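All figures in this text were calculated on a predicted structure; none of them were measured in a lab.
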Amino acid sequence: RKEVEQDPGPFNVPEGATVAFNCTYSNSASQSFFWYRQDCRKEPKLLMSVYSSGNEDGRFTAQLNRASQYISLLIRDSKLSDSATYLCVVRRGSTLGRLYFGRGTQLTVWP
Amino acid sequence: EAGVTQFPSHSVIEKGQTVTLRCDPISGHDNLYWYRRVMGKEIKFLLHFVKESKQDESGMPNNRFLAERTGGTYSTLKVQPAELEDSGVYFCASSRLDQGETQYFGPGTRLLVL
């Protein structure tokens, strides 16, 4: 079973739409959770960490459900520049160690 | 502040040849990671250095892969001899020991083995 499972999409939405991505992780001992963004043929870049209480950064909201081992990312008021692949990432350690990646969910925002 | 750099950006080699990839982490970052993305699959961990020591090399696929980080600065990943299934994008990432939360990734080396 994969460590992190994501719906690969693609998601195609118009500008201004709200879109949600989900992922699940298999190891209940995981302690750190992230969403990374990867533009075409570029490196992954940290979008936001995900905390147990949920957290928001502008138009982006991340949620974590430890009981269900489920992580979500909500993007409100989508912009053309949000088009990218969104990677759900998990780490077993709280501060250090290898990252486990999902395959990524592809988002295209059209005008 | 300069980011993580990797060299070369692309490499095309024939099966059986040797290739060496280089990663220069962000200055002051003691943690250095190697990851690989094979086409159609997720990014997977290869190994983790803390300074010059291998902290975790459980992701290395086989003994054709050799990673070094002499002096605790830049790192090299050598594949010898290369096989077709080694094709993919090799990413390097670094982070600070006292701020291990965020790993910063380099642009990757695209390796194609023919």
Review point. How far apart are the C-alpha atoms of B:R110 and A:R41, what are their side-chain angles, what is the distance that settles it, and do they pass the side chain to side chain contact (heavy atoms under 4.5 Å, CB included) test?
Key: CA-CA 10 Å; B:R110 282 159 182 75; A:R41 301 185 70 79; 3.3 Å; yes
Practice item. Could you please spell out the steps behind the side chain to side chain contact (heavy atoms under 4.5 Å, CB included) verdict for B:E42 and A:Q6? Key: CA-CA 10 Å; B:E42 68 275 16; A:Q6 273 185 269; over 6 Å; no
Review point. For B:Q55 and A:R98, does a side-chain donor sit closer than 3.5 Å to a side-chain acceptor?
Key: no
Review point. Any donor and acceptor pair, going by atom type alone, linking the side chain of B:Y33 with main-chain N or O of A:G97 inside 3.5 Å?
Key: yes
Point to revise | A:F34, part contacting chain B, at a heavy-atom distance under 4.5 Å | key: side chain
Exercise for review: Against chain A, work out which of B:G59, B:P107, B:A93 has the most heavy-atom pairs shorter than 4.5 Å and name it.
Suggested key: B:P107
Practice item. Under the ring-ring contact (aromatic ring centres under 6.0 Å, His included) rule, what do B:F105 and A:Y36 come out as? Steps first, then yes or no, please. Key: CA-CA 11 Å; B:F105 282 75; A:Y36 273 73; 5.8 Å; yes
Point to revise | A:K45 portion near chain B, given a 4.5 angstrom heavy-atom threshold | key: neither
Review point. Of the non-hydrogen atoms in A:Q38 and B:F91, which two are nearest, and what is the gap between them?
Key: NE2-CZ, 3.6 Å
Check your understanding: What option among B:K41, B:H48, B:R37 has the most heavy-atom pairs under 4.5 Å with chain A?
Key -> B:R37
Point to revise | ILVMFWY cluster, B:I43 and B:L46 together (side-chain gap under 4.5 Å) | key: no
Point to revise | Same apolar cluster: B:I13 and B:V79, side chain cutoff 4.5 Å | key: yes
**Study point:** is_close_aromatic(B:Y35, A:F101), centroid dist under 6.0 Å
**Key:** yes
Point to revise | Under 4.5 Å from any heavy atom of chain B - which part of A:L99 | key: both
Exercise for review: Determine whether B:Q6 and A:E43 make a side-chain contact, defined as any pair of heavy atoms from C-beta on separated by less than 4.5 Å.
Suggested key: no
